[in-house]
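Below is one structure, written out as structure tokens; comments come after it.
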Amino acid sequence: MGAIEVSKKIELICIGCPLGCNLTVDMNGSEVVEVNGNTCKKGKEYAVKEVTNPTRIVTSIVRVKNGNIAVVSVKTKEDIPKSKIHDCIKALKDVEVEAPIKIGDVLLKDVAGTGVDIVATRNIRKK
């Protein structure tokens, strides 16, 4: 006799567009059976991704040497697996970059083995 798959419903609020639809995802084990409540295609895509492989954009700051300010805001260039957020933040703890910095500059490649780079989100002048 095989393993018994457990059916469950997961409730989410969609962040795919400004409507904020209340979504219900019907699951059978780890398989998405149905998504209800979405008013657009983005809602269904968001729900499936959120229950099967949730990801996030991470924002933080890193220290700057010889800059007009001491830190620069940064973000992941793309979303990373939610399970890697802590590793990402930990990797940024000891990063220090040299001014000048331009928006979009890659400050750390392949953060936490995700294949995603950390980029600057503001300009920093040399002091």
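Below, all heavy atoms of this structure are taken into account, side chains as well, without hydrogens, waters or symmetry copies.
- The two atoms that bring R125 and A99 nearest to each other are O-CB, 3.8 Å, heavy atoms only.
- For D110, the salt bridge (Lys or Arg N to Asp or Glu O under 4.0 Å) criterion is met by no residue, not counting sequence neighbours.
- Between E50 and R56, at least one side-chain nitrogen of the basic residue sits less than 4.0 Å from a carboxylate oxygen of the acidic one, meeting the salt-bridge criterion.
- Using a 4.5 Å cut-off on side-chain heavy atoms (C-beta onward), D117 and L108 make no contact.
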I would like to know whether E11 and N22 meet side-chain contact (heavy atoms from CB on, under 4.5 Å); could you show each step before the answer? CA-CA 7 Å; E11 309 244 342; N22 291 307; 5.9 Å; no
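- Minimum heavy-atom separation, G37 to C21: O-CB, 3.4 Å.
- V74 and I69 end up in the same hydrophobic cluster when Ile, Leu, Val, Met, Phe, Trp and Tyr side chains are linked at under 4.5 Å.
- Taking the side-chain hydrogen bond (donor to acceptor under 3.5 Å, both in side chains) definition, one finds that T114 meets it with nothing, sequence neighbours left out.
- Here the straight-line distance linking atom CG of L23 with atom CD1 of I13 works out to 9.0 Å at 0.5 Å rounding.
- Shown here is I103, whose CD1 atom has more than 12 heavy atoms of other residues, nucleotides or ligands within 6.0 Å.
- Evaluation of the side-chain hydrogen bond (donor to acceptor under 3.5 Å, both in side chains) rule for E98 yields N66, K126 as partners, not counting sequence neighbours.
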Residues 82-94, side-chain donor-acceptor partners within the protein, below 3.5 Å, at least two apart:
{"unit_1": "K84", "atom_1": "NZ", "unit_2": "A112", "atom_2": "O", "d": "3.2"}

Determine, step by step, whether R122 and V71 satisfy the side-chain contact (heavy atoms from CB on, under 4.5 Å) criterion, reporting the C-alpha distance in whole Å, the side-chain angles of both residues, the deciding distance to 0.1 Å, and the verdict. CA-CA 10 Å; R122 75 172 290 175; V71 294; over 6 Å; no
Could you give me the CA-CA distance, side-chain angles and deciding distance for I118 and K75, then say whether side-chain contact (heavy atoms from CB on, under 4.5 Å) is met? CA-CA 6 Å; I118 297 291; K75 73 176 195 78; over 6 Å; no
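- By the side-chain hydrogen bond (donor to acceptor under 3.5 Å, both in side chains) test, T121 pairs with S73, sequence neighbours left out.
- V64 is listed as a side-chain neighbour of I101, based on a closest heavy-atom distance under 4.5 Å.
- Using a 4.5 Å cut-off on side-chain heavy atoms (C-beta onward), M27 and V32 make contact.
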What's the verdict on side-chain contact (heavy atoms from CB on, under 4.5 Å) for T24 and L12, showing C-alpha distance, side-chain angles and the deciding distance? CA-CA 6 Å; T24 303; L12 303 168; over 6 Å; no
For salt bridge (Lys or Arg N to Asp or Glu O under 4.0 Å), just list the numbers for K9 and D26, CA-CA rounded to whole Å, side-chain angles, deciding distance to a tenth of an Å, and then say yes or no. CA-CA 5 Å; K9 291 185 183 294; D26 293 325; 2.6 Å; yes
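- Heavy atoms only, all atoms of each residue included: I57 and T76 are closest at CA-OG1, 3.5 Å.
- When side chains are defined from C-beta on, L107 counts as touching V62, because their heavy atoms get closer than 4.5 Å.
- There is a path of hydrophobic side-chain contacts, each under 4.5 Å, that joins V95 to V111.
- V48 is listed as a side-chain neighbour of V35, based on a closest heavy-atom distance under 4.5 Å.
- A search for side-chain hydrogen bond (donor to acceptor under 3.5 Å, both in side chains) contacts involving R63 returns nothing, not counting sequence neighbours.
- The closest side-chain heavy-atom distance from D105 to V119 is not below 4.5 Å.
- Here the side chains of C17 and C40 are in contact, with some heavy-atom distance below 4.5 Å.
- You'll find the side chain of N38 stays beyond 4.5 Å of the side chain of Y46, heavy atoms only.
- For K77, the NZ atom counts as loosely surrounded, since its 6.0 Å shell holds 12 or fewer non-hydrogen atoms of other residues, nucleotides or ligands.
- Smallest separation of non-hydrogen atoms from N123 and K102: OD1-CA, 3.2 Å.
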